[in-house]
*Asks:* 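My structure is below; once you've seen it, I'll send some questions.
Proteins get letters first, then strands, A, B, ... in listed order; numbering begins at 1 in each.
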Amino acid sequence: MTFLTLEPIRILLYLVGICAFVGGNAAYLVLAERKGAGRIQRRPGPNEAGYAGLLQPLADGLKLLAKQIIVPPGTDGLLFRLAPLMVMAPPLMCLATIPFAENLVARNLNIGLLFVFSFGSINVMALMLGGWASRNKYAIISAARVVSQSVAYEIPMLLVVITVLMMTGTMDLNEIIKQQAHGFWNWNILRGIWDFSAGHIGANPLMPVTFLIFFTCMLAETNRAPFDMAEAESELVAGAFTEYGGMGFGVFFMAEYANIVVGCCLATVLFLGGWQSPIGVLSGGLWGLGWFLAKTYALIMTVIWIRWTFPRTQFYRLLNLSWKILIPLSLVTLLLTGVMMKLPLLWRTIFGA
Amino acid sequence: MSLLTAVRETLSGFKSLLVGMRITAREATKPLITVQYPHDTLKMPARFRGHVKLVLDPETGKARCTACGLCARACPSGCIVLEGVKREGDKRKSIAKYDLDFTKCSLCGSCVEICASDALDFSKDYNVVSMNREDFSHLDLYKRIDAETKAWAETHPQPAVVAAPATSAAPVAPVAPATPATPATPPAAAAVPVPVIAARAAVSPAAAKATESPAAPVAASALPAGPKTP
């Protein structure tokens with residue numbers, strides 16, 4: 001077993017593990033999505049391939065693999081082929097810094113949060129390149145939409161994350177989780193309202209709103225319904241993916257789910273206490289992994305639930321939501337957090353200790 | 001003031017989102033409503049019009065059709081071709097070939113309506129699929145009723161004691177022209193064969209069916225359960 005602790009072997013194992021996690025998630029979240037859609041529409045969803053349709057992802061994958069990848073004439077061949085790779089790579093990179101359990105993290109960076117967001121924003125560029133290189137009017141419209149949407153939603157998301165950062169004081173994801181120990185009332189989402197361990201009002205009483213803003217922005221950043229302007233299959237054929245066939249399309253599809261996983265993992269880490277147990281007991285080791293996955297998948301199921309509940313928004317409404325509601329609101333929470341944190345200092349300055 | 005309005009609108013919008021999510025959550029917990037078609041099938045409603053079929057007489061176990069040819073003449077598309085034979089010992093002709101061109105049939109029901117001996121009815125068969133056009137342009141209804149007759153004969157073995165009531169029924173037979181001379185009455189109906197046949201000759205065929213079905217429950221279940229179109 002000692003050779004498992006060797007650094008190259010360890011990195012290789014994590015690499016394979018993360019690839020398998022992303023691939024398995026992408027495959028089975030598609031099934032979960034279709035099953036969820038079925039349940040909400042009161043039909044069973046795919047149920048023919050294997051027991052309860054469990055082999056359906058295999059059938060879908062084989063079908064996509066068997067298809068030819070056509071590069072239409074007039075496209076920018078290099079960018080066209082590069083875009084699926086670029087859309088898939090960032091979530092894989094991001095997952096390397098996500099702590100699934102206390103000691104289960106491929107690379108524990110002290111700037112983990114920055115790392116995740118810097119790679120997360122590459123996704124936009126990949127979609128834009130894909131749409132641009134396709135030389136297809138639908139794809140280009142979609143690419144333009146993706147850029148303006150992502151710019152609009154990156155701002156409130158980062159503002160909200162700064163709010164959390166001001167509370168935690170660290171970018172180390174594992175450290176952020178460690179601060180949220182001993183029960184769900186110490187998770188960031190509730191700790192902001194009232195700091196139970198210190199026994200006074202928390203740093204950001206609007207923390208649940210902050211979480212909602214983060215979640216909404218996460219939906220928009222991953223191009224999920226009701227913000228799926230990138231694909232918008234009823235308006236733009238398949239948006240940026242119009243010209244992609246076979247596994248080229250499949251990779252875009254997988255990347256969407258991989259991004260959802262990353263987004264939900266991040267929401268779990270930042271707001272819901274990561275691998276911490278909600279009741280204080282049964283934490284550590286494999287329990288931590290279980291808690292982390294339970295929280296993450298609960299969020300992912302919510303994402304699926306939201307997709308099959310709400311119709312797609314109009315584009316100007318999408319931008320209005322960001323610029324007129326989310327950004328002012330996140331600025332308010334940012335300001336509030338700053339004031340709340342510096343209030344004691346202010347008090348002392350004015351009245352003297 | 002406009003800030004207040006904006007806040008109020010945002011809150012009410014958020015509330016409506018929650019209401020929507022509650023609705024989908026509630027729907028998701030209700031039982032499924034789709035029928036898994038190849039595994040489950042729906043029971044066809046009584047008025048369902050499948051292709052026409054020949055009706056089996058639940059008493060005799062034979063087709064009621066007398067090959068009179070009214071249906072072929074009534075058909076506006078001319079998609080019925082039939083032939084009858086006079087079998088030995090029978091008072092009437094019986095059907096020997098009934099060829100329905102289902103590719104032309106518009107299911108208007110003229111044939112069913114005009115049939116004097118109530119021998120035609122709509123089947124409940126909606127599951128008609130074939131890779132071969134011939135299967136529909138020459139839908140062999142005689143073959144189907146023949147198979148039904150054979151199945152009837154297997155479920156209704158003719159007991160030896162039936163010979164006695166059959167002879168007693170013989171004088172009544174001329175009154176009922178649609179009845180064969182030796183009706184193979186099922187054992188349950190053996191005690192009251194005469195009144196049933198008499199009633200059948202007197203009233204309309206549809207009413208006759210209603211009276212005889214309790215007498216021969218096994219054979220009656222083979223008939224369509226629906227009400228007869230007048």
*Asks:* Where along residues 297-311 of chain A does a heavy atom come under 4.5 Å of chain B, listed by residue number?
*Replies:*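 Listed by number: Thr302(A), Trp305(A), Ile306(A), Trp308(A), Thr309(A), Phe310(A).
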
*Asks:* Among Glu27(B), Met21(B), Gln36(B), which residue forms the greatest number of heavy-atom pairs with chain A at distances under 4.5 Å?
*Replies:*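 Of the candidates given, the most pairs with chain A belong to Met21(B).
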
*Asks:* Answer yes or no: are there more than 12 heavy-atom neighbours, outside Tyr51(A) itself, under 6.0 Å from its atom OH?
*Replies:*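 Check fails, neighbour count at 12 or below.
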
*Asks:* How long is the span from the CZ atom in Arg42(A) to the OG1 atom in Thr29(B), to the nearest 0.5 Å?
*Replies:*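 Going from CZ on Arg42(A) over to OG1 on Thr29(B), the span is 8.5 Å.
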
*Asks:* Top residue by heavy-atom pair count (under 4.5 Å) with chain A, among Ala25(B), Gly20(B), Gly13(B)?
*Replies:*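 Among the listed options, the one with the most contacts to chain A is Ala25(B).
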
*Asks:* Looking at Thr34(B), Leu32(B), Ile33(B), which one has more heavy-atom pairs under 4.5 Å with chain A than the rest?
*Replies:*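 Option with the greatest count: Leu32(B).
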
*Asks:* If I measure from the heavy atoms of chain A, does Leu17(B) come under 4.5 Å with its side chain, its backbone, both, or neither?
*Replies:*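 Answer is both: backbone and side chain atoms of Leu17(B) are under 4.5 Å from chain A.
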
*Asks:* Of the backbone (N, CA, C, O) and the side chain (C-beta and beyond), which part of Ile40(A) lies under 4.5 Å from a heavy atom of chain B, both, or neither?
*Replies:*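 The answer is both parts of Ile40(A).
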
*Asks:* With no hydrogens and no angle check, is any side-chain donor or acceptor of Arg39(A) less than 3.5 Å from a backbone partner on Lys30(B)?
*Replies:*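 Side chain of Arg39(A) to backbone of Lys30(B): a pair is present.
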
*Asks:* Quick check on Leu329(A) against chain B: is it the side chain, the backbone, both or neither that has a heavy atom closer than 4.5 Å?
*Replies:*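 Neither part.
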
